[in-house]
Protein chains: 2
Amino acid sequence: MPAVRRPRPTLLDVAAAAGVSKSLVSLALRGDPGVSERTRERILAVADQVGYRPSLSARTLKQGRSMLVGVVISSLANPYHTEIVASVEDAAEAQGLSVVLAHGSRERHRLADRVQQLGDLGVDGLVVVSSWVPAEVLTTAARRAPVVMVGRTAEPVPGIDSVNNDDEHGAALVVRHLAAQGHERIAHVNGSRRPAGTARRRGYEDAMAAVGLESHVRTVEPDGVAELLAGPGRPTAVFARNDVEACDVLDHALDAGLAVPADLAVVGYDDTMLARRARPRLTTVQQQREVMGTRAVELLTGRLGGRADDVHEVLEPRLVVRASG
Amino acid sequence: MPAVRRPRPTLLDVAAAAGVSKSLVSLALRGDPGVSERTRERILAVADQVGYRPSLSARTLKQGRSMLVGVVISSLANPYHTEIVASVEDAAEAQGLSVVLAHGSRERHRLADRVQQLGDLGVDGLVVVSSWVPAEVLTTAARRAPVVMVGRTAEPVPGIDSVNNDDEHGAALVVRHLAAQGHERIAHVNGSRRPAGTARRRGYEDAMAAVGLESHVRTVEPDGVAELLAGPGRPTAVFARNDVEACDVLDHALDAGLAVPADLAVVGYDDTMLARRARPRLTTVQQQREVMGTRAVELLTGRLGGRADDVHEVLEPRLVVRASG
DNA sequence: CTGAAAGCGCTTACAG
DNA sequence: CTGAAAGCGCTTACAG
């Protein structure tokens, strides 16, 4: 039985089958109060029976609205990003909006293409969960539809709302936690120059100074961690900029024969699935992911409702203490 | 500087700015040979300058084609699925098609919604990377646009093409590998009733019989693995139905004080990022992910080109031996 | 409650 | 090479 693809039925087909005008079908389908209950039910039944489905392109073209929210992420491989997407999706759905997702690796031009594609598709708003999208791409996109950035940009982009967590504070929570346990040689693994990485590094350094300790910042690549863990002067605790790199540190600790947390405490950031899977379970910093998704969608609808001033929302993270430190 | 959202420029605006008719702009934009080089360049420059972007809904409505491929996955959290998506995307892009992604957890109705949504959007084809989409939903979707299933369905769905790996063979590769190392008590952890799970279990059982060994199948939940690893009669090797569950087994082995692979060999399936991250690095079965994406898109374009008979492509997996067994 | 009509932004013959 | 016109499938006043 080969799939026979016939032209999909239109409003006109439904109208013909129901013996009414096509306007009436349209009205009935969207529950217009001017259509009697009996008529509406009859029309719905006919529509269902002929397999009618509205054409979103026709509707979007006519309405100028698509009820679509575009979400752009750099990478499907990063659990922090995909977990954010899920929360945006839940929030959008609650508002009657559908989400279309696009991802584009860390190549700026590919991400820019994706942003433009979603714009061409006619999304009513755009949520960007990637700090790799250039500011001018965001600005251009915002001329067509509101854009909200989940996460940090290097500096605020005029016209773009944002929601992110307070990375400095998150880093400080980690430092205080480790210092309170008596650690004095607390290293920070962070080679990132992205805004969040920079903020966490700054938070670490400030907090270390505040508790009277000396900062030690290292990068993962190429042998940063191995060198860090070698020799007698090694740290007793490592704070990594995110869970992925914390797992790398755990890996190196294992190689070096160090017990975690006895010989070395390890703390991550983001509280992703990796933290919950790691051995030992990773102490980490949790962002308010659910709230971030909800707020992102609220910021979008706020703009659609006419708000003109930029909003930058900063949420407080919290420390999740598990077995690793 | 609040983002001023003015109505986006249309073909008509470009035409006015360039002092030509709107048909000519349309022709020029799509590189019609009937437009002189000079005129084309001038029009492109004007379009660019006024910030013109074509409306995909208008184009789709007119053309009946969107140049969009929809991809549906159950979960963004499963690396096997997201890695497949990346390969589909690369293949689609090479054909000038764009990918829009939708995900919907394992709830059948939510997945069905997503499939319908993508259909409403007007995608030219659908790639389904989830065995949780009911057959009737696939069939309905296929009336609008070709559908290809990446992975297995319980039985072939008429009208739907598919590409998947030979799970029975993959399982047999694992059994033979372990048996060749002298293992005699090789257990299989697999509580899945999904098509792939069932096939891997069957492959395991058949291969065990072929090498003259007795099968031991256990489920992960709730304490299956812990019980399996306890006591003197425990297996010396465990083959898990996928990398995720193999990591669970590694976890339990650690709890039970077993050294891997000395006390217990562990093998997974899928060769995801989890396998490459696990300690010790996981021996696993690799599907031809790149080829799967490419073939999926080829099957789609084949249908669009008019092919009417169903194609079911089965690819050979291969064993990737790492440190765990 | 119902139907004829206009128009969203495009593409595509068709006539010059 | 150029322009007027029709039509994709919808929604939305508007007149009955």
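Each chain gets a letter, A, B and so on, in the order its sequence line appears, and its residues count up from 1. Every value quoted in this text rests on a predicted model; they were computed, and no experiment measured them.
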**Student:** Within the 4.0 Å heavy-atom criterion, would you say A/Leu27 contacts the bases, only the backbone, or no part of the nucleic acid?
**Tutor:**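 Answer is base: heavy atoms of A/Leu27 come under 4.0 Å of a base.
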**Student:** Does A/Arg194 make a cation-pi contact with A/Trp132 (under 6.0 Å, within 45 degrees of the axis)?
**Tutor:**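 The answer is yes; both the distance and angle limits are met.
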**Student:** Indicate, with a heavy-atom threshold strictly under 4.0 Å, whether B/Leu24 touches base, sugar-phosphate, or nothing.
**Tutor:**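 If one applies the 4.0 Å heavy-atom cut-off, B/Leu24 turns out to touch the sugar-phosphate alone, with no base involved.
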**Student:** For D/dT2, does OP1 or OP2 lie under 4.0 Å from any side-chain N or O of B/Ser23?
**Tutor:**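 It does not, given that no N or O in the side chain of B/Ser23 lies less than 4.0 Å from OP1 or OP2 of D/dT2.
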**Student:** Reckon A/Arg30 has a side-chain N or O less than 4.0 Å from the OP1 or OP2 of D/dT12?
**Tutor:**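 For D/dT12, OP1 or OP2 has a side-chain N or O of A/Arg30 closer than 4.0 Å.
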**Student:** For D/dG3 and B/Ser21 - does any side-chain N or O of the residue sit under 4.0 Å from the phosphate oxygens OP1/OP2?
**Tutor:**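 Checking D/dG3 against B/Ser21, a side-chain N or O does come within under 4.0 Å of OP1 or OP2.
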**Student:** When we call it a touch if two heavy atoms are under 4.0 Å apart, what does A/Arg53 touch: a base, just sugar-phosphate, or nothing?
**Tutor:**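 It contacts sugar-phosphate atoms only.
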**Student:** Check the distance between C/dT11's C1' and B/Lys22's NZ and give it to me in whole angstrom.
**Tutor:**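 Distance, rounded to whole Å: 9 Å.
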**Student:** Answer yes or no: are there more than 12 heavy-atom neighbours, outside A/Glu136 itself, under 6.0 Å from its atom CD?
**Tutor:**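 Buried by this count: over 12 neighbours within 6.0 Å.
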**Student:** Which sits closer to the 5' end of DNA chain D, B/Lys62 or B/Ser36, going by the nucleotide each is nearest to?
**Tutor:**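 Its nearest nucleotide lies further toward 5', so the answer is B/Ser36.
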**Student:** Under a 3.5 Å limit for both distances, which nucleotide forms a Watson-Crick or G-U wobble pair with C/dC1, could you say?
**Tutor:**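 Answer to the pairing question: D/dG16, which forms a Watson-Crick or G-U pair with C/dC1.
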**Student:** Of the candidate nucleotides D/dG9, C/dT12, C/dG3, which contains the atom at the shortest distance from the side chain of A/Val20?
**Tutor:**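 Of the candidates, C/dG3 comes closest.
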**Student:** Any donor and acceptor pair, going by atom type alone, linking the side chain of B/Asp161 with main-chain N or O of B/Val311 inside 3.5 Å?
**Tutor:**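 Indeed, once roles are kept as given, a pair shorter than 3.5 Å links the two residues.
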**Student:** Are a donor atom and an acceptor atom from the side chains of B/Arg143 and B/Thr139 found within less than 3.5 Å of each other?
**Tutor:**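 Absent: no donor and acceptor within the cut-off.
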